[in-house]
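Here, residue 1 is the first one in the sequence, and each next residue gets the next number. Excluded from the calculations below are hydrogen atoms, water molecules and symmetry mates; all remaining heavy atoms, backbone and side chain alike, are included.
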Amino acid sequence: MKTHRPIKSSAPRIALIGCGAIAESYYLPAFASQPGILQNLILVDQNMERARKLAETFGIKQCLADYREVLGKVDGVVIALPTHLHHQISMEFLSQGVPVFCEKPLAESAGKAREMIEVSRKTGALLAVNYQQRLWSQFVKVKELIASQSLGESVSIKYYVGEVFNWPTVSGFYFNSTGSGRGVLLDRGAHVLDHICWWLGGMPKVTRSQNDSFGGGEAVAHVQFMYDKCVGDVKLSWLSSFPCKFVVEFEQGSVEGEIYYPQSILVKKGTGSQKRVKLKSETYMSLGYKMVSNFISVVAGNEKPLVSGSDVLDSIIFTDECYAAATRFEMPWYEIPEVKNDR
Ligand SMILES: NC(=O)c1ccc[n+]([C@@H]2O[C@H](COP(=O)([O-])OP(=O)(O)OC[C@H]3O[C@@H](n4cnc5c(N)ncnc54)[C@H](O)[C@@H]3O)[C@@H](O)[C@H]2O)c1
């Protein structure tokens, strides 16, 4: 039943639930760039010391320890909590008709993601998701090339992300046993598997899935897949650094780019020619501002989410299927994938 009533004020009243690393480096600077938002913003974190510290830095008046205290008092919420809490806490707000902007990965399983999408549909409270890498120029360009078939159909996708884990998590939830105990594939893989499903316009079939888990969260994962004529290979690691890049091969050429270099991509044609194509260069933060300002407009009822919960559902089903098919690497498994950068 929808019980939420938008609160009349000059700027919407938003609660930022979870005041960890992403709240500090992304949401708060983005909210600070929007007129009037900080004035009405409520910070919620069970770690009140942390919430108060950020409130002081950003000049925010209200901090609460329990998210339930903001139910019925806000126009929208950002869920920047450890992943295993996304589903339960988003559901409480969505079922009250409150729009939610949920961090990635939307949920730990497809079943939970479906429930969130379903309750959002029932109450009309929009569910936006922070899959902001969908806006990055190099990935948008790949989407365009696949859709236009200007180089023919795509026949192979290789996508590699190898970064020693150094994210400044406040709670350390990435490595504790609360929640599903899923690791790098659920976390880093959220953007990667989402790009693949989005580019292809559907969900591939897993042909092989391996990781280093002995029962806990995996730190290295290798997935192979097929979609029509296209085969794919994904390698993810939290343990070793290797060039973070993608290569998409088409019937008449290929395109390759780097994950953290949105300025250009390399396009090769079947004729042997190759060209570095310059792209519109936007920063991580400028696109973050775009996502956050979109959510403010969603809350005001003026826009649809740039990326919605249902947009990313295929990637969450795909993630589940990768886990269901996963076997452990044969020992020893420490081989580092050979990935080079051409730039
Ligand atoms: N979109 C992206 O590219 C991106 C990047 C980094 C993180 N994330 C996602 O953002 C989310 C948060 O990650 P993080 O690195 O900021 O986490 P973090 O560990 O830094 O912070 C989590 C915060 O939540 C608080 N918290 C935990 N349980 C709570 C509860 N029940 N009520 C209130 N507060 C509670 C903790 O005290 C902590 O301050 C994760 O889902 C992560 O996957 C997304």
Side-chain angles (χ1 to χ4, degrees), residues 1-7 12-18 22-23 26-27 30-31 34 37 41-42 44 67-68 70-135 179-180 186-187 189-191 193-195 197-198 203 287-320:
M1 190 184 58
K2 185 170 170 170
T3 55
H4 170 68
R5 299 271 177 283
I7 288 143
R13 180 163 286 247
I14 291 173
L16 175 55
I17 307 181
I22 193 79
Y26 181 87
Y27 288 103
F31 280 134
Q34 304 288 321
I37 297 293
L41 192 71
I42 305 175
V44 182
Y67 70 89
R68 284 167 293 202
V70 300
L71 273 166
K73 295 188 187 146
V74 287
D75 301 310
V77 293
V78 174
I79 303 293
L81 289 161
T83 300
H84 62 275
L85 296 171
H86 292 184
H87 168 261
Q88 179 220 318
I89 298 183
S90 295
M91 289 289 286
E92 291 190 41
F93 286 94
L94 290 168
S95 61
Q96 295 290 313
V98 180
V100 166
F101 188 25
C102 185
E103 255 309 333
K104 72 101 242 285
L106 173 60
E108 287 184 304
S109 70
K112 288 181 174 176
R114 279 197 189 95
E115 281 179 18
M116 294 160 84
I117 294 163
E118 182 56 21
V119 74
S120 151
R121 198 189 54 73
K122 269 195 194 142
T123 61
L126 295 177
L127 172 58
V129 291
N130 188 33
Y131 283 59
Q132 96 289 112
Q133 289 194 14
R134 278 218 190 183
L135 272 51
S180 65
L186 181 71
D187 182 64
H191 291 301
L193 301 189
D194 177 55
H195 284 149
C197 294
W198 173 53
M203 193 184 64
L287 292 169
Y289 289 1
K290 214 178 251 186
M291 294 295 283
V292 168
S293 106
N294 167 251
F295 182 62
I296 292 166
S297 301
V298 166
V299 168
N302 297 331
E303 282 182 32
K304 294 269 181 253
L306 283 172
V307 188
S308 71
S310 48
D311 290 334
V312 301
L313 181 60
D314 273 352
S315 69
I316 297 168
I317 303 172
F318 186 29
T319 309
D320 271 4

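Closest of all the heavy-atom pairs between Leu94 and Ala125 is CD2-O, 3.6 Å. Closest of all the heavy-atom pairs between Ala110 and Ile317 is CB-CG1, 3.7 Å. Counting all heavy atoms, side chain and backbone alike, Pro105 lies closest to Ala190 at CB-CB, 4.0 Å. Contact record, Pro305 with Leu126: CD-CD1, 3.9 Å, taken as the closest heavy-atom pair. Smallest separation of non-hydrogen atoms from Gly288 and Ala30: O-CB, 4.4 Å. Minimum heavy-atom separation, Gly76 to Val299: CA-CG2, 4.1 Å.
With contacts defined as side-chain heavy-atom distances shorter than 4.5 Å, the pair Val129/Asp311 does not qualify. Under the 4.5 Å side-chain criterion, counting only non-hydrogen atoms from C-beta, His191 is in contact with Gln132. Side-chain contact between Ile14 and Phe101 is absent, with no heavy atoms from C-beta onward closer than 4.5 Å. Using a 4.5 Å cut-off on side-chain heavy atoms (C-beta onward), Val307 and Met291 make contact. Side-chain contact between Leu106 and Leu127 is present, with heavy atoms from C-beta onward closer than 4.5 Å. Between Gln133 and Asp194 the shortest side-chain heavy-atom distance does not fall below 4.5 Å. Phe93 has its side chain within reach of Val70: a pair of non-hydrogen atoms, C-beta onward, lies under 4.5 Å apart.
Of the possible polar contacts, one joining the Thr319 side chain to the Ser315 backbone as a donor-acceptor pair under 3.5 Å is found. Judged by distance alone, the side chain of Asp75 and the main-chain N or O of Arg13 form a donor-acceptor pair under 3.5 Å. Side chain of Asp314 to main chain of Cys197: no donor-acceptor pair is present (N/O by atom type, distance under 3.5 Å, no hydrogens or angles). Counting only distance, with no hydrogens or angles, the side chain of Ser308 and the backbone of Ala128 share no donor-acceptor pair below 3.5 Å. The closest donor-acceptor contact from the side chain of Asn294 to the backbone of Leu306 lies under 3.5 Å. The main-chain N or O of Ser95 is never found under 3.5 Å from a side-chain atom of Thr123 such that the two would form a donor-acceptor pair. Proximity of a side-chain donor or acceptor of His86 to a complementary backbone N or O of Cys102 within less than 3.5 Å is not detected. Judged purely by atom type and a 3.5 angstrom limit, Tyr67 has no side-chain atom pairing as donor or acceptor with the backbone of Ala15.
With rounding to the nearest 0.5 angstrom, the CZ atom of Arg68 is 11.0 Å from the CD1 atom of Ile17. The CG atom of Asn130 sits 6.5 Å away from the CD1 atom of Ile22 when rounded to the nearest 0.5 Å. The line from CD1 of Ile316 to NZ of Lys104 is 11.5 Å long, rounded to the nearest 0.5 Å. Separation of atoms CG (Asp320) and NZ (Lys112) is listed at 10.5 Å; rounding is to 0.5 Å. Residue Ile296 holds its CD1 atom at 4.0 Å from CD1 of Ile37, rounded to the nearest 0.5 Å. Atom CD of Gln34 sits about 12.0 Å away from atom CG of Leu41, to the nearest 0.5 Å.
At a threshold of 4.0 Å, the pair Glu118-Arg121 counts as salt-bridged, since one of the basic side-chain nitrogens sits closer than that to a carboxylate oxygen.
Inspection of the Glu108 and His87 side chains reveals no N or O donor paired with an N or O acceptor under 3.5 Å. Using modelled atom types and a 3.5 Å distance limit, the side chains of Gln96 and Glu92 yield no donor-acceptor pair.
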Evaluate the criterion side chain to side chain contact (heavy atoms under 4.5 Å, CB included) for residue pair Val312 and Arg134; output intermediate values, then yes/no.
CA-CA 10 Å; Val312 301; Arg134 278 218 190 183; 4.1 Å; yes
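A side chain to side chain donor-acceptor pair (under 3.5 Å) with Glu103 is found for one member of Tyr26, Tyr27, Tyr131 and no other, namely Tyr27.
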